[in-house]
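Single-structure report; data block below.
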Amino acid sequence: MGQRIEVLVVEPGKAPRPETVNGTLEEVERMLGGPAQLGCFLPQRVVLVSRQEAERHAPNRCMPGRKEAIRGTFLLCGIPEEGNAFASLSQGQREEFQSLFARPGEFMEIGGALYCDPDDVADVAYQLWETLADGESVTFTKRGNAFLREATG
């Protein structure tokens, strides 16, 4: 059994939530539902852990500073000073990343390509308009919702 660590869990359509988990690769992969892949947010010393082959999953959030989507559920955890395990997020890191990923993403799929930026969608739409012949069509599919729907009770 690994050391207990504090992570953020970010599921599609939901606000990020803190959770205490065993800091083992096996536990992380169980939470993700399959093999994990890592990416880093430096200099904050935070690692984003998502599922390998995530392209099969629905888009979840826009990657900060990039025009691509993070797909499926992902976790955010700290990077230890030494070793190659996972570490707890600090209170400051939790607050920063809860704020950064607070709103679910909105995405537009056009002809099989996924876009995170409305300006990119507009550019692609204008380009398509010019290239389509009379009677040709392209499907635009909106995915996600920028506003969380709070449960009322």
Side-chain angles (χ1 to χ4, degrees), residues 1-125 127 140-153:
M1 180 173 257
Q3 174 186 1
R4 304 286 290 169
I5 62 170
E6 299 288 326
V7 302
L8 277 179
V9 179
V10 186
E11 298 174 291
K14 297 180 181 179
R17 62 179 165 76
E19 190 166 320
T20 303
V21 301
N22 288 326
T24 64
L25 180 60
E26 294 79 19
E27 174 70 3
V28 168
E29 289 181 337
R30 184 197 62 75
M31 293 179 73
L32 296 173
Q37 64 183 9
L38 307 176
C40 286
F41 283 92
L42 297 175
Q44 296 99 327
R45 297 194 54 80
V46 172
V47 64
L48 183 149
V49 185
S50 62
R51 187 168 172 182
Q52 286 180 5
E53 300 179 4
E55 64 274 357
R56 296 179 184 172
H57 297 275
N60 183 346
R61 299 294 200 278
C62 294
M63 180 69 79
R66 297 170 62 185
K67 295 182 178 186
E68 61 185 64
I70 305 167
R71 292 177 173 267
T73 297
F74 63 94
L75 308 176
L76 295 160
C77 56
I79 300 171
E81 293 294 326
E82 293 182 20
N84 57 0
F86 301 110
S88 286
L89 293 171
S90 69
Q91 180 67 29
Q93 289 170 324
R94 274 194 309 276
E95 291 171 2
E96 177 182 356
F97 285 93
Q98 278 182 297
S99 175
L100 183 65
F101 291 114
R103 294 179 61 174
E106 284 190 308
F107 309 93
M108 182 68 71
E109 189 173 344
I110 305 170
L114 188 68
Y115 298 90
C116 297
D117 187 326
D119 292 334
D120 291 344
V121 171
D123 291 344
V124 170
Q127 291 169 3
F140 287 61
T141 306
K142 182 178 177 184
R143 299 193 186 280
N145 187 345
F147 301 100
L148 289 173
R149 300 197 194 302
E150 298 295 327
T152 56

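None of these values were measured; they are calculated from a predicted model. One-based numbering along the sequence shown.
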Taking all non-hydrogen atoms of both residues, which atom of [X] and which atom of [Y] are closest, and how far apart?
X: Cys116; Y: Cys62; value: CB-SG, 3.2 Å
X: Asn60; Y: Glu11; value: ND2-C, 3.5 Å
X: Ala69; Y: Pro59; value: CB-CB, 4.1 Å
X: Ala102; Y: Pro16; value: CA-CD, 3.9 Å
X: Pro12; Y: Thr73; value: CD-OG1, 3.6 Å

So, the side chain of [X] versus the backbone of [Y]: is there a donor-acceptor pair under 3.5 Å, distance only?
X: Arg45; Y: Ile79; result: yes
X: Arg61; Y: Arg103; result: yes
X: Gln52; Y: Ala36; result: yes
X: Gln3; Y: Gly23; result: no
X: Gln93; Y: Gln44; result: yes

How far does [atom1] of [X] sit from [atom2] of [Y], to the nearest 0.5 angstrom?
X: Arg94; Y: Ser88; atom1: CZ; atom2: OG; answer: 7.5 Å
X: Leu100; Y: Glu95; atom1: CG; atom2: CD; answer: 13.5 Å
X: Leu75; Y: Leu32; atom1: CG; atom2: CG; answer: 4.5 Å
X: Ile70; Y: His57; atom1: CD1; atom2: NE2; answer: 14.0 Å
X: Met31; Y: Arg51; atom1: CE; atom2: CZ; answer: 14.0 Å

Please tell me if the side chains of [X] and [Y] come closer than 4.5 Å, counting only heavy atoms from C-beta onward.
X: Val49; Y: Phe86; answer: yes
X: Pro18; Y: Gln98; answer: yes
X: Leu8; Y: Arg17; answer: no

From CA spacing to verdict: side-chain contact (heavy atoms from CB on, under 4.5 Å), Arg71, Leu114: CA-CA 11 Å; Arg71 292 177 173 267; Leu114 188 68; 3.1 Å; yes
Residues forming a ring pair (Phe, Tyr, Trp, His ring centres under 6.0 Å) with Phe41, sequence neighbours excluded: Phe97
Set of ring pair (Phe, Tyr, Trp, His ring centres under 6.0 Å) partners for Phe74, sequence neighbours left out: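 Expected list: Phe101.
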Set of side chain to side chain contact (heavy atoms under 4.5 Å, CB included) partners for Arg30, sequence neighbours left out: Glu27
